[in-house]
Each structure stands twice: as structure tokens, then as C-alpha cells.
Participant: 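What follows is a structure written as C-alpha cells; I'll ask about it next.
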Amino acid sequence: MIKRIPVSALKVGMYITDLNNDWIPHNTQRRKGVIRREETIEKIRRMGVQHVYIDVSRGSDSEDAEPATEVDRRNQEALQQAGAQKPGFNPKVPLDEEIVVAQQVHSQAQNLVGSFMNNVKIGGAIDVAPIHKLANELQNSVLRNANALSCLGRIREKDNYLLEHSVNLSVLMSLFGHYRKLPQDILHQAIVGALLHDIGKILTPDDILHKPGRLSPEEFEVMKLHARHSRDILANTEGIGEITVITAAQHHEKLDGSGYPEGLKGDEITVYGRMVAITDVYDAITADRVYHKGMTPTQGLKKLLEWSGDHLDPALVREFIRCVGLYPVGSLVLLESGKLGVVVATNESDQRLPVVRVMYHTRFRMPIPVKTIDLARPGNQDRIAQAVDPEQYRVDVRKFMV
């Protein structure tokens with residue numbers, strides 16, 4: 001049986017199945033096995049990890065351990081509670097119309113961020129005007145129909161993670177900031193900060209930045225410097241606002257002080273830093289990378305709830321969930337009829353009734369004609385039974401996003 005246990009209760013002889021540290025971006029320590037030395041426990045504590053998962057059938061148990069099924073049940077209940085309110089978005093144009101514009105903006109964004117980073121790296125002239133223009137275009141697309149860029153954010157290649165993550169983060173910050181009704185200028189600066197939050201990685205050695213295997217503790221310390229580099233580069237770039245700098249500088253800070261680069265705690269982290277930390281972790285843990293298989297969107301939301309309080313702001317996490325919906329765009333869901341569908345648009349009135357694109361029937365175990373269904377349409381009786389893992393049914397959700 002798999003159980004979750006506080007790090008304070010870890011002992012030699014326990015068998016770790018999951019360090020539960022996906023909230024540490026760039027950390028590739030995925031150690032599994034029996035704890036044989038006290039030094040191993042101390043290393044885990046130093047990571048800032050609060051709970052890990054153990055297999056009590058393969059190692060020692062503890063009275064402080066809690067069944068993983070109970071943790072998941074509690075997270076699922078919290079997810080339902082967090083998503084009880086309306087998302088608050090009202091698309092102004094149809095999805096199939098906005099997706100054409102969004103594809104152009106999304107492609108332009110990757111090219112522009114890549115070009116900007118290359119110019120900074122070679123010491124070339126830095127022109128921030130195109131970045132500001134791009135931030136406006138991203139925000140305008142979100143205002144017209146947020147589902148379009150959200151769909152594109154789920155179609156990604158793990159070999160292009162750095163640029164896609166920067167663009168996706170800016171889209172999530174635009175969604176989040178708009179939901180929280182941030183003033184226009186503030187939101188614009190936060191979007192720019194999300195676009196350029198990883199610019200400091202141009203100073204990270206390539207052999208560390210692109211290393212497919214585990215980073216050594218020394219290499220991880222070098223990797224962590226990128227947040228400080230991002231802050232310094234942007235702070236010294238003409239035309240970059242203070243909130244842009246703060247957003248980039250604080251995207252890895254955590255409430256309990258276990259983050260970096262400054263180890264800020266609680267109210268020392270600005271609201272923009274807390275927001276971007278949530279969006280950064282969510283996008284990172286739901287993405288496939290060279291060394292990491294991404295979680296499903298629903299699994300990602302439940303992990304945000306699990307890590308709330310220690311690492312992430314609980315109130316903001318709940319707001320973020322209401323922002324992206326119970327079934328975020330890109331989720332694979334099982335309908336009560338037995339059909340499988342990919343969520344392609346959220347419902348601004350009822351998060352339980354998104355627009356889905358069905359393609360497979362689980363009862364008949366066969367593909368069905370692809371069809372887009374609005375679960376909120378009058379007369380439709382089908383409902384979502386649960387979110388499921390695409391790997392369970394060998395479905396590539398990317399093929400059904402646009």
C-alpha cells in the first residue's frame with residue numbers, strides 16, 4: 001500500500017516511491033528505494049519537501065502515514081469546492097474563429113522570445129517594444145476567447161520546452177490576472193514578466209540546462225541561479241517595469257522560504273510572485289519534458305492544492321482553479337455515456353459542462369466519428385463522470401485540440 005508521510009516521520013528502512021517534489025522545477029531527483037542512511041533523510045529535508053510517499057509493503061510503516069487514496073480523495077473534494085464558482089469568462093468570438101488568430105500569436109510569441117533571448121546572450125541591442133506589443137496581442141486573444149490559446153498550450157513538444165513554457169506561462173498569467181481584475185498596466189507588466197521569466201537561463205551552461213539525466217547537487221545550485229540572473233537582466237533593461245522584474249524574480253519563491261533565489265517567506269513574496277509561482281508550477285508539472293512525464297491537468301490542479309500552505313498561496317490556488325476550470329482545456333474526460341472526449345473549451349456558466357471533442361467509446365472499445373459536443377446545450381443529457389489519464393486509453397489529446 002502507498003501512503004503519504006511527513007518528512008519529519010521518515011526513518012531508515014522506509015521505501016520511498018515518490019519524493020513529491022515536482023513543485024521544484026528543474027529538479028531531476030526522482031529517487032525511489034529503501035532509505036538506508038540518515039544522510040538521505042537530511043538531503044530530502046533540505047529540498048524543502050514536506051511530505052513523501054512510501055510503499056509500506058516494501059519497507060517500514062508509520063503511525064503518521066496516511067493512505068494515498070485518502071489524500072487523493074481529500075484533494076478531489078477540495079478541487080470540487082474550489083471549482084464551485086463560475087469561471088467568470090465570457091468568450092466574445094467563437095473558438096474556431098479565434099484559434100486562427102491565436103495560432104499566429106502563439107507562433108510569433110515563441111519566435112520573438114527566442115530572438116530576444118539570443119540578442120541578450122550575444123550582447124546585441126535590446127528592443128522591448130515588440131515584447132510589449134506581443135503582450136498586448138496575447139491579452140487581447142485571451143479577452144476574445146481564452147480557450148484558443150489554452151488549446152495551443154496543450155499542443156507542445158518536449159524538445160522545445162523552454163520557449164513553449166514561457167509563452168504558456170504568459171497565457172496563464174493573462175488568464176489569472178484578468179480573472180482577478182488586475183489593472184491593465186499591472187497585468188501587462190505581469191504578462192511581460194511571465195514571457196521573460198526564464199531569460200536568465202541564457203547564463204546557465206548548456207551542459208546543465210539541457211542535461212537529460214539527473215542534476216548533481218552542485219549542478220542544481222547553478223541551475224537555480226537563473227532566477228537571479230533574470231531579475232538582474234530585466235532590472236537593467238530600459239523599458240521594463242518594476243512589476244515585470246518582480247514577476248520574473250519571484251517565480252520560484254515559496255511561502256515556507258524553501259524557494260529561490262532569495263528564500264522569501266510569506267508576505268515577503270508579492271502577490272505577483274505568488275501568482276506566477278502557481279502558474280509556473282502548474283505548467284511545469286503538466287508538461288512532458290525529457291526527464292519528466294507530465295501529469296494530467298486535473299492531477300496538476302490537485303497537486304497545487306496538496307502543496308498549498310507550505311509552498312503555494314492557498315487562496316490564490318483556489319482562485320486559479322476557478323479561473324481554469326474543474327476540467328481545464330486539454331483534459332481527457334470520460335462521459336457517463338462511455339464516450340471519451342477532450343475538453344476544448346470551458347463553460348463560463350457551469351464548470352461541470354465544458355465543450356468536449358469525443359473520439360472513442362469505452363463500452364464498445366472502438367473509435368467513433370470525431371464530434372464536438374457542448375455539454376451545456378439544452379437537450380444534451382450526457383455528463384462528465386471523471387477526468388482520466390490519456391495513457392490509460394492511449395489517446396494523444398494533441399490530435400483533437402484544434
Participant: How about Val105 and Asn140: do any of their side-chain heavy atoms sit closer than 4.5 Å?
Facilitator: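 They are not in contact (no side-chain heavy atoms under 4.5 Å apart), so the answer is no.
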Participant: Out of curiosity, His252 NE2 to Asp280 CG, how far, rounded to the nearest 0.5 Å?
Facilitator: 5.0 Å
Participant: For the backbone of Val333 and the side chain of Ser331, can you confirm whether one donor and one acceptor N or O come within less than 3.5 Å of each other?
Facilitator: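 The answer is no, because no donor-acceptor pair under 3.5 Å joins these two groups.
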Participant: I need the minimum non-hydrogen distance between Glu137 and Lys133, along with the two atoms involved.
Facilitator: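 Minimum heavy-atom separation between Glu137 and Lys133: OE2-NZ, 2.6 Å.
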Participant: Checking the side chain of Gln351 only, and the main-chain atoms of Leu326 only, is there a donor and an acceptor separated by less than 3.5 Å?
Facilitator: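 Yes; judged by distance alone, with no hydrogens or angles, the pair exists.
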Participant: Counting distance only, does the side-chain N/O of Glu253 pair as donor-acceptor with the main-chain N or O of Gly263 below 3.5 Å?
Facilitator: yes
Participant: Working to the nearest 0.5 Å, report the span between CZ of Phe320 and CZ of Arg180.
Facilitator: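 Here the rounded value is 12.5 Å.
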Participant: Quick one: does any side-chain atom of Arg357 pair with a main-chain N or O of Phe400 as donor and acceptor, under 3.5 Å?
Facilitator: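 Checked: pair present.
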Participant: Check this for me, if you would: do Lys302 and Glu306 make a salt bridge, where the nitrogen-to-carboxylate-oxygen distance has to be below 4.0 angstrom?
Facilitator: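 Between Glu306 and Lys302 there is no salt bridge, as every charged N stays at least 4.0 Å from the carboxylate O atoms.
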Participant: Within the structure provided, determine whether Leu312 and Leu255 are in side-chain contact (heavy-atom separation under 4.5 Å).
Facilitator: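 Of all side-chain heavy-atom pairs linking Leu255 with Leu312, none is under 4.5 Å.
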Participant: Taking Ser170 for the side chain and Ile191 for the main chain, is one N or O donor matched with an acceptor at less than 3.5 Å?
Facilitator: no
Participant: CD1 of Ile269 to CE of Met275: how many Å apart, nearest 0.5 Å?
Facilitator: 14.0 Å
Participant: May I have the step-by-step check of side chain to side chain contact (heavy atoms under 4.5 Å, CB included) for His311 and Gln50, ending in yes or no?
Facilitator: CA-CA 9 Å; His311 306 305; Gln50 301 295 328; 4.0 Å; yes
Participant: For the pair Arg274 and Asp267, find out whether any cationic side-chain nitrogen is under 4.0 Å from an anionic carboxylate oxygen.
Facilitator: yes
Participant: Using a strict cut-off of less than 4.0 Å between a Lys/Arg side-chain nitrogen and an Asp/Glu carboxylate oxygen, indicate whether Arg228 and Glu262 qualify as a salt bridge.
Facilitator: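 Yes, this pair counts.
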Participant: Does a donor on one side chain sit under 3.5 Å from an acceptor on the other, for Lys303 and Asn75?
Facilitator: no
Participant: Indicate the atoms forming the closest heavy-atom contact of Val120 with Ile233, along with that distance.
Facilitator: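 Looking at all heavy atoms of both residues, the closest pair is CG1-CG2, 4.0 Å.
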Participant: Kindly indicate whether the side chain of Ile54, heavy atoms from C-beta on, has any atom under 4.5 Å from the side chain of Tyr15.
Facilitator: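 With C-beta onward as the side chain, the pair stays apart.
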Participant: Any sub-3.5 Å donor-acceptor pair from Asn20's side-chain atoms to Val49's backbone N or O?
Facilitator: no
Participant: Return the CG to CD distance between Asp207 and Glu219, rounded to the nearest 0.5 Å.
Facilitator: 7.0 Å
Participant: Hey, could you give me the CE/OH distance between Met14 and Tyr53, rounded to the nearest 0.5 Å?
Facilitator: 15.0 Å
Participant: Check whether any side-chain N or O of His226 sits under 3.5 Å from a backbone N or O of Met223 as a donor-acceptor pair, and report yes or no.
Facilitator: yes
Participant: In sequence, state the C-alpha distance, the side-chain angles, and the governing distance for Leu152 and Val171, and then conclude on side chain to side chain contact (heavy atoms under 4.5 Å, CB included).
Facilitator: CA-CA 10 Å; Leu152 297 177; Val171 172; over 6 Å; no
Participant: Taking side chain as C-beta onward, heavy atoms only, is Ile16 less than 4.5 Å from Thr40?
Facilitator: no
Participant: Keeping Ser230 on the side-chain end and Gly200 on the backbone end, is there a donor-acceptor pair under 3.5 Å?
Facilitator: yes
Participant: Pairing donors with acceptors under 3.5 angstrom, does anything connect the side chains of Gln189 and Asp185?
Facilitator: yes
Participant: Determine the minimum heavy-atom distance between Ser141 and Glu98, stating which atoms define it.
Facilitator: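 Taking every non-hydrogen atom into account, OG-OE2, 2.7 Å.
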Participant: Do you know the tightest heavy-atom contact between Asn145 and Pro94?
Facilitator: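 Looking at all heavy atoms of both residues, the closest pair is ND2-C, 3.6 Å.
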Participant: Which distance, rounded to the nearest 0.5 Å, do you find between the CD of Glu66 and the CD1 of Ile2?
Facilitator: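 It comes to 14.0 Å.
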Participant: Would you confirm whether Asp198, through its side chain, and Lys201, through its main-chain N or O, come within 3.5 Å as a donor-acceptor pair?
Facilitator: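 Judged by distance alone, no pair lies under 3.5 Å.
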Participant: With sequence neighbours left out, write down each residue that passes salt bridge (Lys or Arg N to Asp or Glu O under 4.0 Å) with Arg73, or none if nothing qualifies.
Facilitator: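 For Arg73, the residues satisfying salt bridge (Lys or Arg N to Asp or Glu O under 4.0 Å) (neighbours in sequence not counted) are Glu70, Glu77.
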Participant: Verify, without hydrogens or angle tests, whether His132 (side chain) and Ala129 (backbone) share a donor-acceptor contact under 3.5 angstrom.
Facilitator: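 No: the side chain of His132 does not pair with the backbone of Ala129.
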Participant: Any side-chain heavy-atom pair from Tyr360 and Leu332 closer than 4.5 angstrom?
Facilitator: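 Result no, sub-4.5 Å side-chain heavy-atom pair not found.
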Participant: Do Asp382 and Ser337 meet the criterion of a side-chain donor-acceptor pair at a distance under 3.5 Å?
Facilitator: yes
Participant: Quick one: do Ile278 and Glu319 satisfy side chain to side chain contact (heavy atoms under 4.5 Å, CB included)? Show the steps, please.
Facilitator: CA-CA 11 Å; Ile278 292 168; Glu319 286 194 34; over 6 Å; no
Participant: Evaluate the ring planes of His165 and His197, with Trp represented by its six-membered ring, and classify them as parallel (under 30°), tilted (30 to 60°) or perpendicular (over 60°).
Facilitator: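 Plane angle over 60°, so perpendicular.
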Participant: Check the pair Leu335, Leu375 against side chain to side chain contact (heavy atoms under 4.5 Å, CB included), reporting the backbone distance first and the verdict last.
Facilitator: CA-CA 10 Å; Leu335 303 182; Leu375 297 180; 4.1 Å; yes
Participant: Is it the case that the side chains of Gln184 and Gln139 hold a donor-acceptor pair, with the cut-off being a distance below 3.5 Å and no angle test?
Facilitator: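 Result is yes, a qualifying pair exists.
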Participant: Thinking salt bridges, do Asp396 and Arg398 make one under a 4.0 Å N-O criterion?
Facilitator: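 Looking at Arg398 together with Asp396, the answer is yes, because their closest N to O distance falls below 4.0 Å.
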Participant: Return the minimal non-hydrogen interatomic distance between Leu195 and Ser166, and the atom names on each side.
Facilitator: O-CB, 3.5 Å
Participant: Indicate yes or no: at least one non-hydrogen side-chain atom of Lys11 is less than 4.5 angstrom from one of Ser62.
Facilitator: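 Lys11 does not reach Ser62 side chain to side chain.
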Participant: Shortest non-hydrogen contact from Gly300 to Thr286?
Facilitator: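 Scanning both residues completely, I find the closest heavy atoms to be CA-CG2, 4.2 Å.
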Participant: I want to check something: taking the side chain as every heavy atom from C-beta on, are Ile126 and Phe116 in contact at a cut-off of under 4.5 Å?
Facilitator: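 Yes, their side chains come closer than 4.5 Å.
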Participant: Is there a side-chain contact between Arg46 and Glu42 (heavy atoms, below 4.5 Å)?
Facilitator: yes
